[in-house]
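Everything numeric in this text was worked out from a predicted model, so none of it was measured. All chains are named by letter (A, B, ...) in the order of the sequence lines, taking the proteins before the strands, and each is independently numbered beginning at 1.
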Amino acid sequence: MHRWSELFIPTLREAPADAEVASHKFLVRAAYIRQLAAGIYSYLFLGQRSFNKIIGIVRQEMDKIGQESYLPALHPRELWEASGRWSVMGDTLFRLKDRKGADLCLGMTEEEVMTEIARKELRSYKQLPQIWYQIAPKFRDEPRPKSGLLRVRQFLMKDSYSFDIDPAGLDVSYLKHYDVYRRIFDRCGLRYMIVEAHSGAMGGSESHEFVVRTPAGEDQIVSCENCSYAANMEKATSQLAAIEDLAGDGKPLEVHTPGQKTIEEVARFLGVSPKNKIKTLALMTTEEDPKIGKPKPRAVVVLLRGDHQLNEAKLSTALRGKESRPMQEEEIQQVFRSPAGFLGPVGLGNLATVKDGAFGEGVILLVDKALEGRKNLIAGANRADYHLKNVTPGRDFEPTAYADLRSVTAGEGCPNCATPLRVDAAVEIGHIFKLGYKYSESMGARVLDRKGKEVTPIMGSYGIGIERILTAAVEQSNDDDGFWLPPQIAPFEILVTPTNTNEEKLMTTALEITSKLETGGFDVLLDDRDERPGVKFKDADLVGIPFRVTVGKKVTEGTIEIVQRSTREVHDASIDAVTDYFQKLFRPAR
RNA sequence: CGGGGCGUAGCGCAGCCUGGUAGCGCACCUGCCUUGGGCGCAGGGGGUCGUAGGUUCAAAUCCUAUCGCCCCGACCA
């Protein structure tokens with residue numbers, strides 16, 4: 001029997017001053033977690049119990065499609081160099097040296113280790129498909145840990161990896177995960193959405209995120225309330241209302257725009273809408289120079305409609321997976337021979353073209369599709385205090401390529417049905433995606449197919465953030481006094497509260513009810529502390545347990561109270577009927 | 001990485017500007033009292049003022065450095 005008086009549940013009356021989001025405040029106040037360092041948390045008794053419940057559900061469902069394993073968190077550098085991620089991951093990868101000076105890192109995910117096992121052990125198509133998973137800590141040296149458990153440097157992840165002989169096989173493994181994830185999140189009692197996601201630059205063909213809408217979230221998701229369209233911001237597209245082009249049929253014409261640098265300033269100065277203006281962004285990327293075998297900088301110019309925002313994930317896709325950064329002032333001078341603020345595409349020499357799917361020499365000029373077919377736009381003249389009128393893409397400059405580069409905003413038309421889209425913040429709790437051949441190829445995993453030919457297995461990878469399930473649940477269900485969890489993931493399902501432990505009748509009844517409920521298969525916590533009722537009720541409201549049985553004065557009439565935390569609904573039940581009551585209530589969920 | 005803020009008892013904070021005995025509320029311990037929404041009275045314990053250096057007769061307070069934590073930004077040229 002779990003007696004509160006003997007347990008370590010240090011609830012707090014006040015939240016730590018630096019807690020901003022509800023889940024952070026309440027998980028600390030309710031004694032689920034304590035912070036050890038930035039983005040690093042200890043899980044106390046209640047928190048760990050809740051995580052164990054979540055892990056239990058995840059494990060039970062994952063066992064239906066995969067095999068559990070447990071991989072090291074400490075990885076040798078060589079493994080990550082083989083996949084190329086040692087350099088790609090930058091400072092987000094925790095790195096350390098052992099006593100001999102050998103480089104190691106702490107795993108962020110385990111593609112390398114899983115693929116290493118596959119490379120060494122898998123020989124034949126007969127061994128495929130495989131789905132291997134684990135539930136283990138992951139480490140990421142986030143530039144900015146924040147929001148309690150939402151963005152941390154160490155966290156628990158269920159990660160799984162599939163190996164298939166061909167893309168059709170991958171489709172099956174992917175779908176299995178899709179279905180199992182739905183069961184997992186359903187069982188965890190979350191209200192979640194499934195959205196199309198950016199699959200990363202390297203060959204990922206399909207990807208879905210499982211998200212929970214909450215203002216505390218860091219993801220932006222775009223969804224349609226009319227049809228089923230839903231995607232995250234990195235992937236979302238929309239239909240745009242037609243824009244009336246400015247009149248004019250001449251060649252580009254310089255106009256004096258003294259000191260007018262920003263889109264808004266220029267538009268106001270010229271009396272036009274930002275929608276008739278071109279936004280010119282100057283960026284630098286790096287690429288391998290085949291002649292010298294070393295990376296060299298490469299200029300990228302991006303054009304967007306004046307009121308649109310660049311989406312970096314889409315840009316990265318358009319650049320074949322390369323990262324980029326804004327140009328420095330000197331670099332802008334070099335490429336444009338113009339101060340920032342008056343940049344434009346007209347007259348840019350040395351533009352790259354695309355041949356055989358690769359960029360040729362020169363400046364890469366990427367133009368957002370929203371500018372395709374537009375006419376008579378305003379753009380910078382590459383000269384201080386001047387802009388150009390009558391700029392028409394395709395006539396006055398030739399883009400290297402048109403691409404979808406902009407972020408969708410709320411109210412734009414759904415790509416399927418034109419209904420205005422909504423944009424919401426959300427927490428990502430799960431992500432599945434088709435990796436393709438990236439790791440199996442780079443790390444040299446090969447199997448023989450039916451014909452005895454060597455082929456590279458195709459992979460998928462799939463993650464679930466354990467802590468985020470709890471965090472999202474708290475964000476979804478809280479009020480001023482605390483939060484309530486779905487019984488399936490709550491540390492306890494029922495809290496039994498005798499209002500006065502000094503009254504023998506109350507205590508014996510509370511003990512009796514507690515043990516009956518336990519016998520009935522419920523997880524029960526008995527609040528046997530010698531505290532005033534107010535204190536116990538406040539704690540009861542705080543700690544996330546979805547039901548409370550109050551044992552008070554009415555025991556003399558053979559009655560106790562059952563309180564549902566979510567609604568605060570109270571009803572009386574006879575002492576003998578308590579177990580029955582919960583059995584009926586819980587049966588649908590069990 | 002850029003900008004801002006904060007480090008004083010377990011938690012929340014005051015004191016710092018204007019240098020001179022380290023305080024308040026909650027929590028904790030003891031006793032009494034109370035028992036349906038963080039009750040009351042009395043007594044008590046607990047702090048290297050983040051760390052290091054400097055200025056000074058004297059530093060929580062002024063100066064410098066450093067570490068930690070939080071927030072905003074890191075795209076609109």
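A:Pro274 comes within contact range of no nucleotide atom at all, as no heavy-atom separation falls under 4.0 Å. Residue A:Asn311 is out of contact with every strand shown, counting any heavy-atom pair closer than 4.0 Å. Within the 4.0 angstrom heavy-atom criterion, no nucleotide atom of any strand lies near A:Leu304. A:Ala38 comes within contact range of the sugar-phosphate backbone alone, with a heavy-atom separation under 4.0 Å but no base atom that close. As judged by a 4.0 angstrom heavy-atom cut-off over every strand, A:Ser338 is placed among residues making no nucleic acid contact.
At a cut-off of 3.5 angstrom, the base of B:G38 holds at least one donor-acceptor pair with the side chain of A:Arg29.
When each of B:C71, B:G12, B:C69 is scored by its nearest atom to the side-chain atoms of A:Ala17, the top-ranked nucleotide is B:G12. With B:U35, B:G12, B:C69 as the choices, the nucleotide that has an atom nearest any side-chain atom of A:Pro16 turns out to be B:G12. Nearest to the side chain of A:Glu20, among B:A74, B:C71, B:C69, sits B:C71. Proximity note for A:Lys538 (side chain, C-beta onward) versus B:G38, B:G12, B:C39: the nearest is B:G38.
Taking a pair to require two hydrogen-bonding distances under 3.5 Å in either a Watson-Crick or a G-U wobble arrangement, B:G40 pairs with B:C32. Figure legend. B:G12 is base-paired to B:C24; pairs are counted as Watson-Crick or G-U wobble with both atom distances under 3.5 Å. With a 3.5 Å ceiling on both atom-pair distances, the Watson-Crick or G-U wobble partner of B:C62 is B:G54. Applying the Watson-Crick and G-U wobble criteria (two distances, each under 3.5 Å), B:G2 pairs with B:C72. Across the strands present, B:G47 finds no partner; the criterion is a Watson-Crick or G-U wobble pair with both atom distances under 3.5 angstrom.
Salt bridge A:Asp479/A:Arg565: present, at least one basic N to carboxylate O contact under 4.0 Å.
Interatomic distance, A:Ile575 CD1 to A:Thr509 OG1, rounded to the nearest 0.5 Å: 4.5 Å. Expressed to the nearest 0.5 Å, how far CZ of A:Arg140 lies from CE of A:Met108 amounts to 5.0 Å.
B:U35 and B:G20 are spaced 48 Å apart, taking the P atom of each and rounding to whole Å. Between B:C29 and B:A52, the distance separating the two C1' atoms is 36 Å to the nearest Å. To the nearest whole angstrom, the two C1' atoms, one in B:A9 and one in B:C28, are 11 Å apart.
A heavy-atom distance below 4.0 Å to RNA chain B is reached by none of the residues of residues 380-403 of chain A. For residues 8-15 of chain A, proximity to RNA chain B is found at A:Arg13, A:Glu14, A:Ala15, defined as any non-hydrogen atom under 4.0 angstrom from a strand atom. For the contact set between residues 544-567 of chain A and RNA chain B, defined by any heavy atom under 4.0 Å, the members are A:Arg548, A:Thr550, A:Gly552, A:Lys553, A:Glu561.
One can place CD of A:Glu503 at 9 Å from P of B:U35, the figure rounded to the nearest angstrom.
Map A:Arg153 and A:Phe537 each onto its nearest nucleotide of RNA chain B; the residue landing nearer the 5' end is A:Phe537. Both A:Leu343 and A:Gly148 sit near RNA chain B, but only A:Gly148 has its closest nucleotide nearer the 5' end.
A donor-acceptor contact shorter than 3.5 Å links the side chain of A:Asn376 to the backbone of A:Leu246. A donor-acceptor contact shorter than 3.5 Å links the side chain of A:Asp528 to the backbone of A:Ser5.
Taking the six-membered ring for Trp and the full ring otherwise, the centers of A:Tyr32 and A:Phe483 sit less than 6.0 Å from each other. Aromatic pair A:Phe269/A:His387: centroids not less than 6.0 angstrom apart.
Shown here for A:Asp385 and A:His256, the closest heavy-atom pair between the two residues is O-ND1, 3.2 Å.
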